[in-house]
Chemist: 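Sharing a structure below in structure tokens format, with a few things to ask.
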Number of protein chains: 2
Amino acid sequence: MADIKAEYLACPIRQVVSRFGDKWSLLVLFLLNRSDTGVLRFNEIRRFMTDCSQKMLSQTLKNLEQSHLVHREVYPEVPPRVEYSLTDTGKSLMPVLTALIDWGKEHFDEVVTD
Amino acid sequence: MADIKAEYLACPIRQVVSRFGDKWSLLVLFLLNRSDTGVLRFNEIRRFMTDCSQKMLSQTLKNLEQSHLVHREVYPEVPPRVEYSLTDTGKSLMPVLTALIDWGKEHFDEVVTD
DNA sequence: TAATTCGGTAACTATTGGGTACCTTTGCGC
DNA sequence: GCGCAAAGGTACCCAATAGTTACCGAATTA
């Protein structure tokens with residue numbers, strides 16, 4: 001059982017999940033992954049996620065950029081254009097995320113009861 | 001792109017992740033999965049998770065029980081004994097969770113920079 | 001002249017996360 | 001008898017976070 005303690009302390013899951021386990025991050029990653037071009041503009045994402053306020057989306061994207069999961073490219077035009085895409089790290093997360101989504105689809109009724 | 005919208009709306013990830021994506025749930029699942037007997041008592045878990053207060057652990061376990069990921073067995077003794085274990089649904093989540101932990105170990109340095 | 005687009009930020013409020021203290025019943029040491 | 005510890009929680013309170021609304025800038029459109 002002492003081994004579990006060591007394993008527990010070394011487990012990265014908390015630090016890692018705290019980077020994208022919030023209310024909106026996973027949905028952004030999902031959308032960027034599904035996009036034809038692999039690129040989405042701020043207001044394109046916003047049109048999909050209509051229940052997410054502008055501020056929360058902005059905050060979410062900033063976090064994902066700081067975690068190096070999403071790349072932010074600014075074009076100095078007027079009106080401004082900002083394009084978001086997955087980084088290589090972000091792309092490497094997608095198979096795991098897809099597996100989680102599949103699990104969710106299969107077990108939704110067992111887990112979400114109310 | 002209209003397809004993405006439909007896919008997005010049907011995506012269960014938010015409801016599902018909200019059930020165990022919080023600060024402590026994944027660690028509890030991790031510990032229950034690693035336990036020799038598959039069963040842990042309240043204060044056994046607490047001794048592993050020393051940075052989680054009694055109240056938060058209690059709340060976390062209650063949520064996991066309501067989501068049918070964890071089974072709670074009460075023995076009417078004095079002092080009381082309460083044993084926690086993974087349900088079948090909870091067990092079915094573990095491979096996905098393990099994949100996530102492995103991803104975290106591999107990409108920790110890229111994602112957690114500060 | 002007024003309205004709209006685009007990607008935000010500032011100021012505020014509502015909701016949640018989390019800590020401390022306390023409860024219950026029983027057995028143990030003295 | 002007297003006080004204390006153990007078990008698994010809950011009540012009360014405060015701080016941190018989630019989220020809403022209003023607003024910004026310059027430029028095109030109506």
Side-chain angles (χ1 to χ4, degrees), chain A residues 1 13-29 31-32 35 37 39-67 70-86 112 114, chain B residues 1 13-29 31-32 35 37 39-67 69-85 112 114:
Chain A
M1 288 289 272
I13 199 144
R14 196 160 119 189
Q15 291 90 324
V16 168
V17 167
S18 70
R19 301 293 164 142
F20 53 77
D22 67 326
K23 193 168 179 182
W24 305 109
S25 293
L26 287 169
L27 294 172
V28 170
L29 295 174
L31 285 173
L32 286 174
S35 159
T37 57
V39 168
L40 286 176
R41 298 181 63 176
F42 186 87
N43 277 338
E44 278 183 304
I45 300 176
R46 213 162 125 57
R47 273 190 286 274
F48 285 117
M49 300 171 61
T50 48
D51 48 352
C52 177
S53 76
Q54 204 164 6
K55 181 204 150 188
M56 290 314 296
L57 180 54
S58 176
Q59 208 172 90
T60 300
L61 287 166
K62 199 186 291 177
N63 286 340
L64 289 172
E65 192 196 359
Q66 276 175 6
S67 302
V70 161
H71 173 70
R72 182 174 186 266
E73 186 80 40
V74 185
Y75 298 87
E77 307 170 354
V78 171
R81 181 158 60 102
V82 182
E83 292 187 341
Y84 293 92
S85 56
L86 293 175
V112 183
D114 46 342
Chain B
M1 288 289 272
I13 199 145
R14 195 160 121 190
Q15 291 90 324
V16 168
V17 167
S18 70
R19 300 295 164 140
F20 53 76
D22 67 326
K23 194 168 177 181
W24 305 110
S25 293
L26 286 168
L27 294 172
V28 170
L29 295 175
L31 285 173
L32 286 174
S35 159
T37 57
V39 168
L40 287 176
R41 298 181 62 175
F42 186 86
N43 278 336
E44 278 183 304
I45 301 175
R46 213 161 126 56
R47 274 188 285 275
F48 285 117
M49 301 172 60
T50 47
D51 47 353
C52 177
S53 74
Q54 200 165 12
K55 179 204 149 186
M56 289 314 297
L57 180 56
S58 176
Q59 207 170 90
T60 300
L61 287 165
K62 199 187 290 177
N63 285 341
L64 289 173
E65 191 195 1
Q66 275 175 5
S67 300
L69 292 168
V70 161
H71 174 70
R72 181 174 187 267
E73 185 80 40
V74 184
Y75 297 88
E77 309 170 352
V78 172
R81 181 158 60 104
V82 182
E83 292 187 341
Y84 294 94
S85 56
V112 183
D114 46 341

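Numbered from 1 within each chain, the chains take letters A, B, ... in sequence-line order. What you see is a predicted model, and the numbers here were worked out from it, not measured in a lab.
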Chemist: Just N and O in the side chain of B:R41: are any of them under 4.0 Å from OP1 or OP2 of D:dA7?
Modeler: no

Chemist: Could you list all the salt bridge (charged side-chain N to carboxylate O under 4.0 Å, His left out) pairs where at least one residue sits in residues 53-63 of chain B, not counting sequence neighbours?
Modeler: none

Chemist: Could you list all N or O pairs between the protein and nucleotides 18-23 of chain D that sit under 3.5 Å apart?
Modeler:
{"from": "D:dG19", "atom 1": "OP1", "to": "A:K23", "atom 2": "NZ", "distance (Å)": "2.5"}
{"from": "D:dG19", "atom 1": "OP2", "to": "A:W24", "atom 2": "NE1", "distance (Å)": "3.0"}
{"from": "D:dG19", "atom 1": "N7", "to": "A:K55", "atom 2": "NZ", "distance (Å)": "2.6"}
{"from": "D:dG19", "atom 1": "O6", "to": "A:K55", "atom 2": "NZ", "distance (Å)": "2.6"}

Chemist: Considering residues at least two apart in sequence or located in another chain, which fulfil the salt bridge (charged side-chain N to carboxylate O under 4.0 Å, His left out) criterion with B:E65?
Modeler: none

Chemist: Using nucleotides 23-26 of chain C, report all nitrogen or oxygen pairs with the protein that are shorter than 3.5 Å.
Modeler:
none

Chemist: Over all strands shown, is A:R46 touching base, sugar-phosphate only, or nothing at heavy-atom distances under 4.0 angstrom?
Modeler: nothing

Chemist: What pairs with A:D22 under side chain to side chain contact (heavy atoms under 4.5 Å, CB included), at least two apart in sequence or on another chain?
Modeler: A:S25, A:T60

Chemist: Assign B:Y84 to base, sugar-phosphate, or nothing according to its heavy-atom contacts below 4.0 angstrom with the strands shown.
Modeler: sugar-phosphate

Chemist: Taking only residues two or more places apart in sequence, or in another chain, which ones meet B:S58 in a side chain to side chain contact (heavy atoms under 4.5 Å, CB included)?
Modeler: B:F42

Chemist: Quick test of your reading: applying salt bridge (charged side-chain N to carboxylate O under 4.0 Å, His left out), list the pairs with at least one residue in residues 73-86 of chain A, sequence neighbours left out, ordered by first then second residue.
Modeler: A:E77-A:R81, A:R81-A:E83

Chemist: Between B:S35 (side chain only) and B:L32 (backbone N and O only), is there a donor and an acceptor less than 3.5 Å apart?
Modeler: no

Chemist: Could you list the residues that satisfy side chain to side chain contact (heavy atoms under 4.5 Å, CB included) with A:S85, not counting sequence neighbours?
Modeler: A:V39, A:H71

Chemist: Under the rule for side chain to side chain contact (heavy atoms under 4.5 Å, CB included), what residues qualify as partners of A:V16, not counting sequence neighbours?
Modeler: A:P12, A:F20, B:W103, B:F108

